[in-house]
2 protein chains.
Amino acid sequence: MIDPLAGRPAYQQLADLLREGISSGKYPPRTPLPSAKTLSQEHGIAVGTVMRAFDMLREEGLVRTVAGRGVWVLPKD
Amino acid sequence: MIDPLAGRPAYQQLADLLREGISSGKYPPRTPLPSAKTLSQEHGIAVGTVMRAFDMLREEGLVRTVAGRGVWVLPKD
DNA sequence: GCCCATTTGTACGTATGTATG
DNA sequence: GCATACATACGTACAAATGGG
């Protein structure tokens, strides 16, 4: 859950959730995460906020984002 | 100048300009960059776009941002 | 301690661009 | 051409931190 009163910003909380989903196997390598639109609706946050979480994961090397295709989980090196 | 038709996004172009200003001595160490509001007006871009450029410089370790005080150029290590 | 102005930080909703299939 | 999805950008609104009076 994303809690507006958690002190931690929403985009960081979402990045945490996605990171968890990746390491737990909920989002396996070579599969896409849910789309930004889907995540924004499921969590009640703006699309731009979701994109910011995507930015973090990309910078961390966990995913690769492809316009028109989605955000893909990278295999562990 | 920031050119909307340059192919490169505005926030990256601004980060380039600020990086240049830092390395050229226009923005010396231990001094603040112009505020986000000032930069947005000078370049005709949104405040949010300026903040995104600030994010880049911070991640690169070139500046330190302090809410309420500004964006400060760090001395070279 | 309390207001006030300034400044960064987060978030929203919307619009448009670009890429993919 | 069309639908989907990420990418950029806008303008706005508040929140939070800082410093001065």
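Chain A is the first sequence line, chain B the second, and so forth, proteins listed ahead of strands; every chain is numbered from 1.
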- Item | Under 4.0 Å protein heavy-atom contact, by nucleotide of nucleotides 15-21 of chain C - B base, S sugar-phosphate only | ----BBS

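At C:dG9, one or more side-chain N or O atoms of B:T65 fall inside 4.0 Å of OP1 or OP2 (strictly under the cut-off).
Annotation: salt bridge (charged side-chain N to carboxylate O under 4.0 Å, His left out) contacts involving residues 27-38 of chain A, sequence neighbours excluded, are absent.
Protein atom NE2 of A:H43 is 16 Å distant from nucleotide atom C1' of C:dA11, rounded to whole Å. In this structure, the CG atom of B:L39 is 12 Å from the C1' atom of C:dT7, given to the nearest Å. As rounded to whole Å, 12 Å separates atom P of C:dT14 from atom NZ of A:K37. In this entry the distance linking CD of A:Q41 with P of C:dC12 reads 13 Å, nearest Å.
Partners of A:S40 by side-chain contact (heavy atoms from CB on, under 4.5 Å), not counting sequence neighbours, listed by chain and number: A:V47, A:V50. Under the side-chain contact (heavy atoms from CB on, under 4.5 Å) criterion, A:T38 pairs with A:P34, A:S35, A:E42, not counting sequence neighbours. Scored by the side chain to side chain donor-acceptor pair (under 3.5 Å) test, A:Q41 finds no partners at all (sequence neighbours excluded). Not a single side chain to side chain donor-acceptor pair (under 3.5 Å) links A:E59 to another residue, sequence neighbours left out. Applying the side-chain contact (heavy atoms from CB on, under 4.5 Å) criterion to B:E20, with sequence neighbours excluded, gives no partner residue. Contacts of A:A6 classified as side-chain contact (heavy atoms from CB on, under 4.5 Å), with partners at least two apart in sequence or in another chain: A:D3, A:Q13.
A heavy-atom distance below 4.0 Å to DNA chain C is reached by none of the residues of residues 3-26 of chain B. Taking every heavy atom of residues 45-58 of chain B and every atom of DNA chain D, pairs under 4.0 Å involve B:I45, B:A46, B:T49, B:R52, by number.
Chaining together hydrophobic side chains whose heavy atoms lie under 4.5 Å apart places A:M56 alongside A:Y11.
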- Message: Show, in sequence, the C-alpha distance, side-chain angles and deciding distance for B:D55 and A:R52, and conclude whether the side chain to side chain contact (heavy atoms under 4.5 Å, CB included) test is met.
- Response: CA-CA 12 Å; B:D55 285 343; A:R52 197 161 172 186; 3.9 Å; yes

- Verdict with supporting geometry, A:E60 and A:R19, side chain to side chain contact (heavy atoms under 4.5 Å, CB included): CA-CA 10 Å; A:E60 292 165 12; A:R19 240 182 262 110; 2.9 Å; yes

In a table with atom names and distances, give each donor-acceptor pair under 3.5 Å that connects a side chain of residues 62-73 of chain B to protein atoms at least two apart or in another chain.
{"from": "B:T65", "atom 1": "OG1", "to": "B:R58", "atom 2": "NH1", "distance (Å)": "2.9"}

